[in-house]
Amino acid sequence: MLERLQELHDEAVVKVAEAQDLDSLQQVRISYLGKKGPITEVMKGMGKLSNEERPVVGAKANEVRQSVQKLIEEKERTLQQAAVQKQLAEESIDVTLPGRPVARGARHPLTSVVETIEDIFTGMGFQVAEGPEVETDYYNFESLNLPKHHPARDMQDTFFVTPDLLLRTQTSPVQTRTMEKHEGKGPVKIICPGKVYRRDEDDATHSHQFMQIEGLVVDKGIRMSDLKGMFEAFVKSYFGEDRKMRLRPSFFPFTEPSAELDVSCAMCGGEGCRTCKGTGWIEVLGSGMVHPNVLKMGGFDPEVYSGFAFGMGVERFAMLKYGIDDIRHFYTNDTRFLEQFIRE
Amino acid sequence: MLLSYKWLSEYVDLSGITPEKLAEELTLHGVEVDAVQELGAGITNLVVGRVVSCEQHPDADKLKVCQVDVGEEESVQIVCGAPNVAEGQSVAVARVGGRLPGGMKIKRAKLRGQVSEGMICSLQELGFEGKVVPKKYSEGIFVFPEEVVPGTDAKEPLGLDDTVLELDLTPNRSDCLSYLGAAYEAAAVLNRDVYMPEPRIVPAKDRTEEFVKVKVQADEWNPYYGATMIRGVQVSESPLWLQTALMASGVRPLNNVVDITNYVLLEYGQPLHAFDFDRFGSDEVVVRRAEQDEKMTTLDGEERTLSAEHLVITNGIRPTALAGVMGGADSEVESASENLLLESAYFKPETVRKAQKDLGIRSDSSIRFEKGVDPNRVASAGERAASLIQQLAGGVVLADPVEHDTLNRDELKLDVEADRINASLGTDMSAADMSAVLERLRFGVKEKKGTLHVTVPTRRQDISIEPDIVEEVARLYGYDHIPVTLPNTPSTKGGLTTAQKRKRRIRRFLEGAGMHEAVSYSLTTAQKEAHFRSEEDPRVSVSLPMSEDRSSLRTTLIPHLLEALSHNRNRNLYNVSLFELGSVFHTAETDVTKQPEEKTYLAGAFTGMWETHEWQGEKKPVDFYVVKGVVEGLLAELKADVSFEKAERRGLHPGRTASVIINNRPAGVIGQLHPETAKAFSLAETYVVELDLDALLQAEEKAVRYRPIPRYPAVDRDIALVVDQAVSAAELEGIITESGQPLLDRVHLFDLYEGEHIAPGKKSAAFSLRYLDREKTLTEEDVAAVHGKVLDALEKKAGAQLRQQ
Ligand SMILES: [Zn+2]
């Protein structure tokens, strides 16, 4: 009987080794270890054995059984792993194929610039004010110290609707409108972005429609040094910590003293290059202390109040920021242009 | 204004100051220098040569073979193509090995078999702009008006050793439209002295008044008129120094008399005019307003029609000059002129500005008069010109100009407190420092107890109030020296308004939906909009449009978006979805008198594929429901209620258009472009939406209120209904919502079918209904009761039958 058991064991070892899949292994399990299997048969015949032989054969039978059991389990694990491997291999894909794109539209570069500047100034306590694009002569010119027949008021530049109505040539009329709302009481701290219009032939550097951002601060005791301080904060946050700035005298009818703000050229780091016409500086905006006549017309007493104002061209900022060479691109809406600003 | 560095240095000591340094200092202190141009840059080996002989080239009609003395033992042979080259001339010769502007190198050459060792140059070849080159030399080589020793460097006599500063003057600084004005500015900036020219006239015994009378009949516009008689002049070419000075300053030399008046105009900033007195036509100068429609021919040959707002100089009969703007053709100085009448006058800015504008002339004179010239320099400029004419044109200057004079020459006095200057600038300057700064500008200053009593020289017509003085102090002190502070204002709450925040959310949402933001022009045409509205409707037009294309303000954003789609399509970009958020302009007036109503509109235009997954073979073209989905999503983002009603609109597909109702108010339209409209814009199937956002942007923000999550399960029922095709989904949904109360929690359409399994004229619409009781678990009976009511209502109100499976 012992021999028979050993035979069965050896046979099972071969069968297990031969099993190629989980089904045939299951067959092997049933045929050797099942209730009707040969090992069980052998054990059923153990009653005929002597008391001495019985434990020996019993032990052998158990040993064989456990050994086969273990073999089957091991084989099962191997086969299971192989099956998983096979499935994984079959499911393999080309990970380099393009993904399903999630739609993303582009932010117009003018919007990007406006919002960036709005965020900087609102962070400094400014509110964002708006005004009409079709303005009266009074708000666009007269209230800004440009009375009728003033030489600085070049008729050629303005689109008139009637002798008294025009497409605003600047966002400055929002200054007067805002001051009026404050009824002579400070502080006023606003910026006003918006579209403006001038009679310019459209070409690479001129556009009959463009965008400006106007800024105005009015309160008691505002000094020109405050304007400088605010510009320093603005230049650092918009252009970068490493950029230098300088103020240069200039002229605007609605400010005095007036100043142009220059920022060191990013292209050459101030050494002088084509972008900055060799000066090392880029002109970025016009500004100055609010002219007493403008304060007066806005309902503020220039003996008590003072203020500063500034105005910048959004297209110019965008052209500098992105290296755009033709202002018409902003208004053509060519998707090959717009798409480049998806990440903005 | 072009400023020759060499010429400027006659009035202010520029030693040790390079042109670049001068440009920088002027720019930093208020007079911007736009460009610094070195004349003669790149020119080497340019000498004066004397044409010893000049013969026809044996094999070329247009060439001459010249022997030129260049100061060496042997003359050199140069082949020259200029028509005006001739024996005996002193000319500029670029020698072999030398260079001309732009890097051109002169080489020994053979021209049609003749050796040429160098080049005789024209002024253009030496870098002068054609418009400043004397007419005489514009088609050929330059010839020195006086003899120069052959072999000497030609750059110096030609003024090519000079540098020109191009001033970009702001409108207030017309005082710098002259060398003296610029010299005052440079002297102030550099803290140096100014040297004035000193006219020296040897007057004749004869007096001007014996020959001419002056009558000014329009004193309000002409408070000073001075006339000086100069007899026996010889009109000829100016000496070279005068010609090069003018050319460097951008003025073309003409003849010595005109050149001198131009020279003094540039030097003093005072325009002058010389009449040929022999052709003046009378012996009296009458200054008066022109008559309405009076005609005169100016020296540019144009006939001008004048009005009573223009001032003319006449001979008592007819105009001989348009005052301050341009002389008349009749009495222009020419080569034969002998006796001159030199005018030096003060014309008021307003009349000159008016003439300039009405007649469209801007001359070197008018741009100075329109800003106001220095009243204290009018007479001395006349004297300066007379002395130069005497010296260079050999005339006899008669004693004393005949004058009409009521001109106010008083200097303005302003009292300014030093404290106020410091308070305005944030500086801490002493009154003495401020005085010193103003004195550098040659302002008179007396300081008493902190007050500056300032006397402003009349050359500075731009200074009139305290802030002007503050600015002068600030700019000369240097903006760089103003400290950096922050306003001492109470802190203010910055930020965006609700409407501004909403506009940003709209942009973010639409970007997220894959649409690019467009920005288009506000100016458009009635015809472009005629696809969508009647051309007769009132609109806001500009009175003098620059072009037909930009003649009136848009009332809708759609046409320009369609143009953008079309622009892209022409570049093979077929799948494009754009949106624009901007103003449109509406008016009810046919003749606009009031500001139009400006409304914030949002528009979108969609064409081509909405989604393309190429390698998966999936494509989704834009259709009505794509656009509707975007609109629904956007309005959900803005917490607004929206519904859609079938509608018909001009320019849109009558079966595929809906009115958009936002918060119970019609606020726009969505639809497919009518095929005819699409064709007009060269577009394929295209959808548009346009919404009036004003009400929505201003609407109160609805706060989110949390509702407890239901604790009891909901029950879902799906129904498939057969209805007439004309019954809309919204109608069915409305019936279900109404009749399903109070248990109906939500309903949505999940299937729609028309076709062979349904009777003609009918369609099947399947809805999923969800019933929910927030208080208890629903029983079968609860649901059956309400569901039955729903089905009844559907049958009664819409004739809907449950579809038989
Ligand atoms: Zn640079």
Side-chain angles (χ1 to χ4, degrees), chain A residues 97-98 100 103-108 110-111 115 121-128 132-134 136 151-152 159-162 165 167 187 189 195 199 208-209 217 219 221-226 228-230 232 246-251 256-257 259 289 291-292 306 330-335 338, chain B residues 27-30 170-172 353 370 423-426 467-468 470-471 474-475 479-480 482-496 500 507 510-511 513-522 540 542-543 546 550 564 567-568 573 576 578 583 585 592-593 595-596 598 613 615:
Chain A
L97 281 167
R100 257 168 213 274
R104 287 189 311 160
R107 191 164 309 169
H108 197 285
L110 296 177
T111 301
E115 291 189 359
F121 282 100
T122 53
M124 293 196 276
F126 282 67
Q127 292 186 325
V128 179
E133 291 172 34
V134 178
T136 61
F159 285 110
F160 280 94
V161 172
T162 71
L165 285 181
L167 307 196
K189 269 176 102 174
K195 294 186 180 121
R199 296 175 63 93
H208 75 277
Q209 172 180 324
V217 173
D219 202 5
I222 297 288
R223 303 153 292 179
M224 193 157 172
S225 54
D226 298 333
K228 240 178 132 172
M230 199 212 56
E232 264 200 4
R246 72 172 188 190
L247 283 183
R248 200 160 37 73
S250 189
F251 169 79
E256 179 141 38
M289 302 303 288
H291 196 285
S306 56
F330 294 113
Y331 297 97
T332 312
N333 302 315
D334 190 309
T335 53
L338 296 173
Chain B
T27 297
L28 278 177
H29 292 95
T170 52
N172 59 326
R353 198 176 305 139
E370 74 155 340
S424 169
L425 299 176
D468 295 326
V470 175
E471 182 169 64
R475 71 185 183 88
Y479 282 9
D480 279 356
I482 294 173
V484 172
T485 60
L486 283 173
N488 289 322
T489 57
S491 74
T492 46
K493 187 179 151 288
L496 302 176
Q500 288 158 355
R507 290 190 163 101
L510 296 174
E511 287 161 15
M515 302 178 72
H516 298 326
E517 185 185 11
V519 177
S520 354
Y521 294 132
S522 304
V540 182
V542 294
S543 48
M546 292 179 71
R550 315 257 170 261
H567 166 94
N568 282 292
L573 302 160
V576 182
L578 298 175
S583 293
F585 306 81
V592 175
T593 61
Q595 275 174 285
E598 291 185 25
H613 300 151
W615 65 269

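Since the model is a prediction, treat every value here as computed from it, not as a measurement. Computed from heavy atoms alone, side chains included, the values below leave out hydrogens, waters and symmetry copies. The sequence lines fix the lettering, A, B, ..., with proteins before strands; numbering per chain opens at 1.
For B:A518, the parts sitting under 4.5 Å from any heavy atom of chain A are the backbone and the side chain alike. With a 4.5 Å cut-off on non-hydrogen atoms, B:S491 does not touch chain A at all. B:V540 touches chain A through its side chain: at least one heavy atom from C-beta onward sits under 4.5 Å away, while N, CA, C and O do not. Heavy atoms closer than 4.5 Å to chain B are found in both the backbone and the side chain of A:Y331. Residue contact with chain B, scored on non-hydrogen atoms closer than 4.5 Å, involves the side chain of A:L165 exclusively. Contact annotation for A:T335: both backbone and side-chain heavy atoms come within less than 4.5 Å of a heavy atom of chain B. Contact of B:T593 with chain A is made through the backbone alone, with heavy-atom distances under 4.5 Å. Contact of B:H613 with chain A is made through the side chain alone, with heavy-atom distances under 4.5 Å. Heavy atoms of A:P292 lying under 4.5 Å from chain B belong exclusively to its side chain. Only the side chain of B:L573 has a heavy atom closer than 4.5 Å to any heavy atom of chain A.
In terms of non-hydrogen atom pairs under 4.5 Å with chain A, the most contact-rich of B:L578, B:L510, B:V576, B:T489 is B:T489. With chain B as the partner, the residue from A:I222, A:T136, A:T111 showing the most heavy-atom pairs under 4.5 Å is A:T111. In terms of heavy-atom pairs under 4.5 Å with chain A, the best-connected choice from B:N488, B:V519, B:L425 is B:V519. Most heavy-atom pairs under 4.5 Å with chain B, from the set A:T162, A:L110, A:L167: that is A:L167. Counting heavy-atom pairs under 4.5 Å between each of A:G229, A:A106, A:A103 and chain B puts A:A106 at the top. In terms of non-hydrogen atom pairs under 4.5 Å with chain A, the most contact-rich of B:S543, B:S583, B:P596 is B:S543. Across B:G30, B:G495, B:P490, the residue that shares the most heavy-atom pairs under 4.5 angstrom with chain A is B:G495. Among A:H291, A:Q209, A:M230, the residue with the largest count of heavy-atom pairs under 4.5 Å with chain B is A:Q209.
Counting only distance, with no hydrogens or angles, the side chain of B:T485 and the backbone of A:D226 share a donor-acceptor pair below 3.5 Å. Of the possible polar contacts, one joining the B:N568 side chain to the A:N333 backbone as a donor-acceptor pair under 3.5 Å is found. Looking at B:K493, its side chain never comes within 3.5 Å of a backbone N or O of A:Q127 through a donor-acceptor pair. Not one N or O on the side chain of A:E232 forms a donor-acceptor pair closer than 3.5 Å with the backbone of B:V484. In this structure a side-chain-to-backbone donor-acceptor pair under 3.5 Å is missing from A:K189 to B:T492.
A:P132 meets the side chain to side chain contact (heavy atoms under 4.5 Å, CB included) test with A:E135, A:R177, B:Q595, B:E598; sequence neighbours excluded. Judged as a side-chain hydrogen bond (donor to acceptor under 3.5 Å, both in side chains), and not counting sequence neighbours, the contacts of A:S250 are A:E260.
Rounding to the nearest 0.5 Å places CD1 of B:I482 at 6.0 Å from NZ of A:K228. Interatomic distance, CG of A:D334 versus NE2 of B:H516, reported as 10.0 Å (0.5 Å rounding). Taken to the nearest 0.5 Å, the OH atom of B:Y479 stands 13.0 Å off from the CZ atom of A:R246. Between the CG atom in B:L486 and the CZ atom in A:R223 there is a gap of 9.0 Å [rounded to 0.5 Å]. How far CZ of A:R107 is from CD of B:E511: 4.0 Å, rounded to the nearest 0.5 Å.
The aromatic rings of A:H208 and B:Y521 lie tilted to each other, with the angle between the two planes from 30° to 60°.
Scanning all heavy atoms of the two residues, the minimum distance from A:P249 to B:R475 falls at CG-CB, 3.6 Å.
Residues B:S522 and A:K195 have side chains in contact (heavy-atom distance under 4.5 Å, counting atoms from C-beta outward).
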Quiz item: B:V470 and A:E256: side-chain contact (heavy atoms from CB on, under 4.5 Å), yes or no, with the steps?
Solution: CA-CA 8 Å; B:V470 175; A:E256 179 141 38; over 6 Å; no
Practice problem: With side-chain contact (heavy atoms from CB on, under 4.5 Å) as the test, would you mind laying out the steps for A:E115 and B:R507 before giving the verdict? | Solution: CA-CA 11 Å; A:E115 291 189 359; B:R507 290 190 163 101; 4.0 Å; yes
